[in-house]
Amino acid sequence: MEFTAKQIADFIGGKVEGNENAAVNTFAKIEEGKAGAISFLSNPKYIHHIYDTESTIVLVNDDLQLEHPVSTTLIRVKNAYESIAKLLQLYAASQPKKTGTDPLAFVSPKATIGKDCYIGAFAYVGDGAVIGDNCQIHPHAVVCDNVKTGDNCLIYPNVTIYHDCRLGNNVTIHAGSVIGADGFGFAPNQEGYDKIPQIGIVVIEDDVEIGANTCIDRSTMGQTTIHKGVKLDNLIQIAHNCEIGEQTVMSAQVGIAGSTKVGKWCMFGGQVGIAGHITIGDKTFLGAQSGVPGSIKGDTTLIGTPPMEPKPYFKSQAVFRKLPEMYKQMNEMQKQLDELKAKLDK
């Protein structure tokens, strides 16, 4: 399916510079552009590609200043990154979706399946499960007893959703993720550890996306809650009884210990580690590999372990690199001081 520059500009509220009848039928990165493709430019590091890209159309920000003429047709928009996201969403929504239950799937006769759903080969839907309309359950996914999902959920291959968990509308869970496994609860005794039964559930609200091989543990009692609009990357661990606030995003390998509450609109870089039983306030931004041992009030940007503001952190790192040299100098000064004391004692 082809779209012209004018049609695209009308859809995203942009302004065409060049041939408004230029047509595209695919997407490409600006550095890999080809005829018939639309690309975007939002990062100044890639600006040199605008002069030689072969893409037919390129989305750019309104304030982009060009040093030389370009052969491609430009569409100027307020935010090129957001605009390409809208176009990609439109493209994804236009792709045909499978419906129906594969004969190799198992769906309990006690389950309720909504309209226009797809259940792939070797998928399992247990007793009492309720699947909303327009859901996609891909091959080898497991939806255990009494799980309830909203509409338009997308559950990719090899996802496991344990019993009694709840999903809202428009939830996407990528391959290999596990929702509702037991929280890590053990009580030490003289002979080892007694397992503490985890009898709670996981609740995932609307518009949440969960990356591949991410684990969200069920609560000991009550629920582990992932609020509306949260986006989790691959390989993230959310422990039992945690609560993740609306619109919070986390990069890969973040780990959050049990009973921690994370506020709204937070952003965590890769490999951030957060201790249990603490509170992270709204709009907390944590740099990659930050380690958080205590509560944070919010509305702040921090990095490091324990976390501090970026400016003193980087100053500290500059000093840290000099520690071996400083240690050597200190030992030399101590040696000189001891020699001076010995002379004075005589």
Side-chain angles (χ1 to χ4, degrees), residues 1-97 154 156 172 174-175 207 209 211-213 229 231-236 247 249-254 265 267-272 285-289 301 303 310-311 314 317-318:
M1 186 178 296
E2 284 194 340
F3 295 93
T4 66
K6 185 178 186 309
Q7 289 173 322
I8 294 169
D10 289 344
F11 178 73
I12 59 177
K15 181 180 178 181
V16 178
E17 287 186 11
N19 180 11
E20 66 176 16
N21 294 316
V24 294
N25 57 20
T26 190
F27 295 84
K29 295 189 291 185
I30 192 169
E31 65 270 31
E32 298 174 357
K34 59 184 180 180
I38 183 171
S39 302
F40 77 102
L41 173 63
S42 64
N43 190 328
K45 289 170 55 177
Y46 294 89
I47 192 169
H48 59 283
H49 291 296
I50 194 75
Y51 301 109
D52 55 19
T53 185
E54 295 183 15
S55 289
T56 301
I57 298 173
V58 178
L59 302 182
V60 298
N61 292 335
D62 284 332
D63 58 0
L64 176 68
Q65 299 293 321
L66 296 175
E67 297 179 357
H68 311 289
V70 296
S71 59
T72 185
T73 293
L74 302 180
I75 300 179
R76 290 186 177 270
V77 292
K78 184 176 181 181
N79 187 312
Y81 192 69
E82 288 183 2
S83 295
I84 199 70
K86 290 180 181 178
L87 293 177
L88 287 168
Q89 289 166 5
L90 178 65
Y91 174 80
S94 69
Q95 299 304 300
K97 293 183 179 179
L154 180 52
Y156 279 105
T172 297
H174 287 276
D207 305 315
E209 182 155 348
N213 293 315
K231 313 299 181 190
L232 303 180
D233 199 359
N234 304 331
L235 296 166
I236 286 174
Q247 310 299 337
V249 296
M250 302 181 192
S251 295
Q253 297 182 355
V254 167
W265 292 100
M267 297 180 70
F268 299 165
Q271 296 185 334
V272 165
F285 301 90
L286 296 173
Q289 295 189 327
T301 298
I303 187 171
K311 191 172 182 178
F314 288 115
Q317 290 302 302

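- Nearest heavy atoms, Ile303 versus Gly287: CG1-CA, 4.1 Å.
- Applying the 6.0 Å contact sphere to CD of Glu209 captures more than 12 heavy atoms from other residues, nucleotides or ligands.
- Residue Tyr91 places its OH atom among 12 or fewer non-hydrogen atoms of other residues, nucleotides or ligands, all under 6.0 Å distant.
- Of all heavy-atom pairs between Pro310 and Thr301, the closest is CD-O, 3.3 Å.
- Side chain of Asp233 to backbone of Ala252: a donor-acceptor contact under 3.5 angstrom is found.
- Interatomic distance, Leu59 CG to Thr73 OG1, rounded to the nearest 0.5 Å: 11.5 Å.
- At distances below 3.5 Å, at least one donor-acceptor pair connects side-chain atoms of Ser39 with backbone N or O atoms of Ala28.
- Here the shortest heavy-atom pairing between Ala5 and Asn19 reads CB-O, 3.7 Å.
- Other residues, nucleotides and ligands contribute more than 12 heavy atoms inside 6.0 Å of the CZ atom of Phe285.
- Annotation for Gln65: atom CD does not count as buried by contact number, only 12 or fewer foreign heavy atoms lying within 6.0 Å.
- Judged by distance alone, the side chain of Asn43 and the main-chain N or O of Lys45 form a donor-acceptor pair under 3.5 Å.
- Between Phe40 and Tyr81, the ring-plane angle classifies as tilted under the 30° and 60° cut-offs.
- Here the side chain of Asn234 pairs a donor or acceptor atom with the backbone of Ala212 at under 3.5 angstrom.
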Discussion item. Let's go through His49 and Leu41 carefully: what are the C-alpha distance in whole Å and the side-chain angles of both, what is the deciding distance for side-chain contact (heavy atoms from CB on, under 4.5 Å) to 0.1 Å, and is it a yes or a no?
Written reply: CA-CA 9 Å; His49 291 296; Leu41 173 63; over 6 Å; no
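- Residue Gln271 holds its CD atom at 10.5 Å from OG of Ser251, rounded to the nearest 0.5 Å.
- Using modelled atom types, no side-chain atom of Thr4 and backbone atom of Asn21 make a donor-acceptor pair closer than 3.5 Å.
- Residue Ile38 holds its CD1 atom at 10.5 Å from OG1 of Thr26, rounded to the nearest 0.5 Å.
- Just one of Val60, Ile12, Val58 meets the side-chain contact (heavy atoms from CB on, under 4.5 Å) condition when paired with Ile75; it is Ile12.
- Atom NZ of Lys29 is separated from atom NZ of Lys34 by 12.5 Å, given to the nearest 0.5 angstrom.
- Of all the heavy atoms in Arg76 and Glu17, the pair that sits closest is NE-OE2, 2.6 Å.
- Atom CG in Leu88 sits 11.0 Å away from atom OG in Ser83 (nearest 0.5 Å).
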Worksheet item: Please walk me through it: do Ile50 and Leu74 pass side-chain contact (heavy atoms from CB on, under 4.5 Å)?
Response: CA-CA 10 Å; Ile50 194 75; Leu74 302 180; 3.9 Å; yes
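- Between Asn61 and Ala80 the shortest heavy-atom distance is OD1-N, 2.7 Å.
- The closest donor-acceptor contact from the side chain of Tyr51 to the backbone of Glu67 lies under 3.5 Å.
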Item to complete: Check the pair Lys15, Asp62 against side-chain contact (heavy atoms from CB on, under 4.5 Å), reporting the backbone distance first and the verdict last.
Response: CA-CA 9 Å; Lys15 181 180 178 181; Asp62 284 332; 5.9 Å; no
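- For the pair Thr72 (side chain) and Ser55 (backbone), a donor-acceptor distance under 3.5 Å is present.
- Rounding to the nearest 0.5 Å places CG of Asp52 at 8.5 Å from OG of Ser71.
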Item to complete: For the pair Ile8 and Leu87, evaluate side-chain contact (heavy atoms from CB on, under 4.5 Å) and give the outcome as yes or no after the intermediate values.
Response: CA-CA 8 Å; Ile8 294 169; Leu87 293 177; 3.8 Å; yes
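- Taking a 6.0 Å sphere around NZ of Lys231, one finds it holds more than 12 heavy atoms contributed by other residues, nucleotides or ligands.
- A donor-acceptor distance shorter than 3.5 angstrom exists from the side chain of Thr53 to the backbone of Ile30, with no hydrogens or angles considered.
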